Asker: 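Below you will find the structure I want to go over with you.
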Amino acid sequence: MSVQNKVVIITGASSGIGAATARLLARNGAKVVLAARREQQLQLLKQEITQSGGQAVYQVTDVRQPEQLQTLVELAQKQFQGVDAIFNNAGIMPNSPISAVQTQQWNDMIDINLKGVLNGIAAVMPIFTKQKSGHIITTSSIAGIKSFMSCGVYGATKFAVRNLMEVIRQESATEQTNIRTTTLYPAAINTELLQGITDTAVLQSMTELYKQVGISPDAIARVVNFAIEQPEDTNISELTIYPTKQA
Ligand code: NDP
């Protein structure tokens with residue numbers, strides 16, 4: 001089995017894990033549909049992929065807007081005649097202690113990390129149900145399995161995603177729709193994610209940790225590729241990915 005010719009929608013494709021995954025999947029013959037808010041990054045990535053012989057399209061997309069996920073799916077259908085997988089990967093992590101009461105950042109995380117994932121699921125679910133196949137892949141976090149100080153709300157969104165994905169897996173099996181679900185729990189991966197942290201102390205300690213142990217987003221790209229390339233009867237439902245050096 002391989003990812004060859006699979007049509008894969010990737011949110012959060014403008015940097016980090018999403019961009020690395022788009023590059024690897026496209027190199028292995030998948031047709032990738034890139035989504036994020038920053039157009040220039042998407043344009044450059046599309047260019048890079050197509051110049052290396054791969055297939056990619058992009059749409060500027062804010063995952064908080066359900067209708068933008070709908071038009072993204074329509075773009076995939078129009079350009080590549082279908083959708084095989086969606087990688088719900090867009091996310092933000094402006095961490096701080098709950099005592100700092102950063103309600104705007106709490107709401108942003110809920111809107112992007114949780115509702116954004118739901119918007120992606122809603123956009124593909126009718127198609128996957130009808131075609132009786134499809135793969136929903138979502139980036140949770142190690143903070144979606146364990147509790148960490150300063151990760152209260154971020155972790156809450158990622159714990160929520162874990163529940164959501166496992167329920168989809170169970171319902172798909174029960175409804176016989178063959179929809180596969182893969183939830184990823186990465187630990188420290190060197191991306192742009194820390195740039196959203198405004199709390200100086202949290203930023204400093206996380207930067208230090210990532211400097212010491214962080215690994216390339218290529219590690220997550222390989223895992224996504226592995227999950228997709230399994231035969232249709234095999235569902236890699238959950239994977240935790242730590243840097244070997246991270247305690
Ligand atoms: P990056 O900051 O590099 O990437 C985040 C991506 O999400 C960007 O492409 C960004 O694009 C996109 N994004 C953010 N908000 C929105 C939005 N409203 N609509 C559409 N796209 C959006 O970080 P990572 O690659 O690390 O993050 C990817 C995922 O991995 C996130 O869900 C994160 O929580 C998760 N994760 C990361 C870990 C790490 O250590 N790096 C560990 C565990 C989980 P743009 O700004 O252009 O919209």
Side-chain angles (χ1 to χ4, degrees), residues 1-13 17-18 21-22 25 28-35 55 57 59 61 63-91 112-141 144-145 157-185 220-221 223-240:
M1 297 298 292
S2 88
V3 302
Q4 181 92 34
N5 287 324
K6 296 248 180 178
V7 179
V8 184
I9 294 172
I10 302 173
T11 70
I17 292 170
T21 304
L25 294 181
N28 291 338
K31 299 167 185 171
V32 292
V33 182
L34 314 171
Q55 295 188 67
V57 289
Q59 179 192 285
T61 307
V63 296
R64 289 172 293 194
Q65 307 299 333
E67 63 284 356
Q68 295 186 14
L69 271 306
Q70 293 289 347
T71 55
L72 184 67
V73 170
E74 284 161 22
L75 174 70
Q77 290 178 307
K78 192 160 152 255
Q79 294 286 323
F80 297 136
Q81 290 75 52
V83 188
D84 297 301
I86 185 166
F87 183 22
N88 293 305
N89 168 73
I112 295 172
N113 301 359
L114 176 54
K115 289 188 181 172
V117 170
L118 281 167
N119 291 337
I121 291 167
V124 293
M125 194 51 98
I127 297 165
F128 287 0
T129 303
K130 190 161 173 234
Q131 70 193 18
K132 286 200 184 300
S133 73
H135 196 161
I136 300 170
I137 304 157
T138 299
T139 316
S140 174
S141 167
I145 296 182
T157 64
K158 298 296 188 176
F159 266 77
V161 156
R162 182 183 200 191
N163 182 68
L164 185 58
M165 291 293 287
E166 171 60 10
V167 169
I168 295 172
R169 191 194 66 74
Q170 293 177 14
E171 289 179 352
S172 156
T174 306
E175 294 166 4
Q176 298 282 291
T177 47
N178 305 311
I179 299 168
R180 299 192 290 172
T181 55
T182 300
T183 315
L184 306 174
Y185 304 97
I220 310 302
V223 166
V224 175
N225 192 94
F226 171 74
I228 296 175
E229 73 184 1
Q230 297 308 306
E232 287 293 323
D233 65 358
T234 306
N235 187 25
I236 305 290
S237 71
E238 298 197 288
L239 283 156
T240 302

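Please read all numbers here as calculations on a predicted model, not as lab measurements.
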Asker: So does Thr181 get a backbone contact from the side chain of Ser237, meaning a donor-acceptor N/O pair under 3.5 Å?
Answerer: no
Asker: Which pair of heavy atoms, one from Thr182 and one from Leu184, lies closest together, and at what distance?
Answerer: CG2-CD2, 3.9 Å
Asker: Given side chains that start at C-beta, do those of Val224 and Asn89 come closer than 4.5 Å, heavy atoms only?
Answerer: no
Asker: To the nearest 0.5 Å, tell me how far Ile10 CD1 sits from Asn88 CG.
Answerer: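 Answer for the CD1-CG pair, Ile10 versus Asn88, is 11.0 Å.
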Asker: Looking at every non-hydrogen atom in both residues, tell me the closest pair between Ala22 and Val32 and how far apart they are.
Answerer: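 Scanning both residues, the minimum pair turns out to be O-CG1, 4.1 Å.
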Asker: Do Val63 and Asn119 come close enough that some side-chain heavy atom pair is under 4.5 Å?
Answerer: no
Asker: Compare all side-chain heavy atoms of Ile127 with those of Gln77 and state whether any distance is below 4.5 angstrom.
Answerer: yes
Asker: Check Ala30 against Val8 and note the closest heavy-atom contact, atom names and distance.
Answerer: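 Looking at all heavy atoms of both residues, the closest pair is CB-CG2, 4.4 Å.
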Asker: Can you find a side-chain donor-acceptor pair between Glu166 and Gln170 that sits under 3.5 Å?
Answerer: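 The criterion, which ignores hydrogens and geometry beyond distance, is satisfied for Gln170 and Glu166.
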Asker: Indicate yes or no: at least one non-hydrogen side-chain atom of Arg180 is less than 4.5 angstrom from one of Glu232.
Answerer: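 Contact flag for Arg180/Glu232 side chains = yes.
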Asker: Main chain of Val161, side chain of Ser140: is a donor-acceptor contact present, judged purely on distance under 3.5 Å?
Answerer: no
Asker: Between Gln65 and Thr61, is there a donor-acceptor pair closer than 3.5 Å when you use the side chain of the first and the backbone of the second?
Answerer: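 No, Gln65 side chain to Thr61 backbone: no donor-acceptor pair under 3.5 Å.
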Asker: For Met165 and Ile136, run side-chain contact (heavy atoms from CB on, under 4.5 Å): C-alpha distance rounded to whole Å, both residues' side-chain angles, the deciding distance at 0.1 Å, then the answer.
Answerer: CA-CA 8 Å; Met165 291 293 287; Ile136 300 170; 3.9 Å; yes
Asker: Would you compute the distance between atom CD of Gln4 and atom CG of Asn28 and round it to the nearest 0.5 angstrom?
Answerer: 8.5 Å
Asker: Shortest non-hydrogen contact from Phe87 to Thr139?
Answerer: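 That closest heavy-atom pairing would be CE1-OG1, 3.0 Å.
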Asker: Will you find, in the side chains of Thr71 and Gln59, an N or O donor that is under 3.5 Å from an N or O acceptor?
Answerer: yes
Asker: Under the side-chain contact (heavy atoms from CB on, under 4.5 Å) criterion, do Leu69 and Thr11 qualify, and how do the steps go?
Answerer: CA-CA 9 Å; Leu69 271 306; Thr11 70; 4.3 Å; yes
Asker: Nearest 0.5 angstrom please: Leu118 CG to Thr138 OG1, how far?
Answerer: 9.5 Å
Asker: Any heavy-atom pair between the side chains of Ile168 and Met125 that's under 4.5 Å?
Answerer: yes
Asker: CD1 of Ile228 to CD1 of Ile236: how many Å apart, nearest 0.5 Å?
Answerer: 11.5 Å
Asker: Indicate the atoms forming the closest heavy-atom contact of Gln176 with Lys132, along with that distance.
Answerer: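 Distance-wise, the nearest heavy atoms are O-NZ, 3.7 Å.
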Asker: Where do Ala76 and Val83 come nearest, in terms of heavy atoms and distance?
Answerer: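 Here Ala76 and Val83 meet closest at CB-CG2, 3.9 Å.
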Asker: Kindly compute the distance separating CG (Asn235) from NE2 (His135), expressed to the nearest 0.5 Å.
Answerer: 6.0 Å
Asker: Does any part of the side chain of Gln55, heavy atoms only, come nearer than 4.5 Å to the side chain of Gln79, both counted from C-beta?
Answerer: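 In short, these two side chains do not touch, never coming nearer than 4.5 Å.
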Asker: Do Ile121 and Leu164 come within less than 4.5 Å of each other through their side chains, counting heavy atoms only?
Answerer: yes
Asker: To the nearest 0.5 Å, tell me how far Ile137 CD1 sits from Ile9 CD1.
Answerer: 11.0 Å
